[in-house]
Amino acid sequence: MTVNSTVGKKIRVLVAKPGLDGHDRGAKVIARALRDAGFEVVYTGLHQTPEMVVNAAVEEDVQVIGLSILSGAHNALVPEIMDGLKKEGLNDVLFLVGGIIPEEDIPHLKSQGVHMVFTPGASLQEVVDYIRSNAPQR
């Protein structure tokens with residue numbers, strides 16, 4: 001993955017809410033913070049299927065995908081989304097997960113291809129800085 005420079009096009013980020021979780025305040029706060037930091041942000045809205053997330057990532061040509069998961073379904077949703085991304089040839093996307101993720105699940109998510117997991121208490125600036133430093137160039 002080639003690291004993005006601060007010069008050039010805006011970093012495109014997809015913020016997605018997969019699954020049946022109906023709480024999106026955190027996703028909206030992250031989306032707003034990323035916009036305020038100068039990123040181009042696409043927010044999918046609630047109740048997205050893994051296929052919908054993959055399709056949005058392809059259609060929007062994003063460099064970063066951030067999933068907000070509070071329902072505990074991360075171990076089921078992440079592999080489905082990762083498989084869909086691989087099938088579509090999206091291998092150069094920075095893949096982030098945020099939400100209520102037990103510490104013991106983080107190594108498994110990272111082994112599935114998740115680059116970083118942000119749990120409650122992570123600062124908005126920490127998320128912005130991580131994306132700036134790690135988003136692939138396009």
Side-chain angles (χ1 to χ4, degrees):
M1 185 178 339
T2 307
V3 177
N4 201 353
S5 68
T6 57
V7 180
K9 292 173 33 175
K10 287 186 176 185
I11 298 171
R12 292 182 56 85
V13 182
L14 178 72
V15 176
K17 285 290 300 178
L20 300 176
D21 172 23
H23 300 281
D24 66 347
R25 184 178 304 209
K28 287 179 176 176
V29 167
I30 288 288
R32 175 68 184 249
L34 296 177
R35 275 189 204 104
D36 290 349
F39 300 124
E40 216 173 301
V41 179
V42 177
Y43 173 58
T44 64
L46 293 168
H47 309 300
Q48 301 295 294
T49 66
E51 296 81 18
M52 293 164 85
V53 173
V54 171
N55 289 339
V58 170
E59 288 173 18
E60 298 292 342
D61 190 30
V62 297
Q63 296 149 273
V64 181
I65 298 172
L67 303 181
S68 171
I69 304 175
L70 304 175
S71 65
H74 49 275
N75 286 328
L77 293 168
V78 167
E80 282 188 58
I81 293 169
M82 293 301 293
D83 287 344
L85 294 172
K86 287 177 189 166
K87 286 178 186 170
E88 291 294 331
L90 286 178
N91 301 315
D92 65 340
V93 175
L94 183 66
F95 195 86
L96 311 174
V97 175
I100 308 299
I101 311 295
E103 285 291 324
E104 60 268 16
D105 290 350
I106 293 173
H108 176 69
L109 290 173
K110 288 187 174 184
S111 77
Q112 297 287 309
V114 173
H115 294 97
M116 179 58 80
V117 176
F118 294 99
T119 56
S123 73
L124 297 173
Q125 190 62 52
E126 182 181 352
V127 176
V128 167
D129 291 345
Y130 187 84
I131 291 172
R132 275 204 182 111
S133 297
N134 294 286
Q137 289 191 109
R138 290 257 171 88

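Any value given below was found using the heavy atoms of this structure, including those in side chains, with hydrogens, waters and symmetry copies removed. Every value quoted in this text rests on a predicted model; they were computed, and no experiment measured them.
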Student: State, to 0.1 Å, how close Gly99 and Pro120 come at their nearest heavy-atom pair, and which atoms those are.
Tutor: O-CD, 3.2 Å

Student: Cationic tip of Arg32 within the cone over Tyr43's six-membered ring, i.e. under 6.0 Å and within 45° of the normal?
Tutor: no

Student: Looking at every non-hydrogen atom in both residues, tell me the closest pair between His47 and Gly22 and how far apart they are.
Tutor: CE1-CA, 4.1 Å

Student: Taking C-beta and beyond as the side chain, do Ser111 and His108 meet within less than 4.5 Å on heavy atoms?
Tutor: yes

Student: Is any side-chain heavy atom of Val93 closer than 4.5 Å to a side-chain heavy atom of Pro136?
Tutor: no

Student: Among the clusters formed by ILVMFWY side chains lying less than 4.5 Å apart, do Met52 and Val97 turn up in the same one?
Tutor: no

Student: Find the distance between CG (Leu67) and CG (Leu109) and round it off to the nearest 0.5 Å.
Tutor: 9.5 Å

Student: Considering non-hydrogen atoms only, spot the tightest contact between Val128 and Ala33 and give its length.
Tutor: CG2-O, 4.3 Å

Student: Which atom pairs, donor and acceptor, lie under 3.5 Å between side-chain atoms of residues 71-90 and protein residues at least two apart or in another chain?
Tutor:
residue	atom	partner	partner atom	Å
Ser71	OG	Ala73	N	3.3
His74	NE2	Asp105	OD2	2.7
Asn75	ND2	Asp105	OD2	3.4

Student: Is any side-chain heavy atom of Ile106 closer than 4.5 Å to one of Ile101?
Tutor: yes

Student: Over all heavy atoms of both residues, which pair between Pro18 and Ser68 is shortest? Give the atoms and the distance, please.
Tutor: CD-O, 3.8 Å

Student: Looking at Gln48 and Leu46, would you say the former's side chain and the latter's main chain have a donor-acceptor pair under 3.5 Å?
Tutor: yes

Student: Using atom types as modelled and distance alone, determine if a side-chain donor or acceptor of His115 lies under 3.5 Å from a backbone N or O of Leu96.
Tutor: no

Student: Do Leu34 and Tyr130 belong to the same hydrophobic cluster, where Ile, Leu, Val, Met, Phe, Trp and Tyr are linked whenever their side-chain heavy atoms lie under 4.5 Å apart, directly or via other members?
Tutor: yes

Student: Should we say atom NE2 of His23 is surrounded by more than 12 heavy atoms from elsewhere, each under 6.0 Å from it?
Tutor: no

Student: Looking at every non-hydrogen atom in both residues, tell me the closest pair between Lys10 and Gln63 and how far apart they are.
Tutor: O-OE1, 3.6 Å

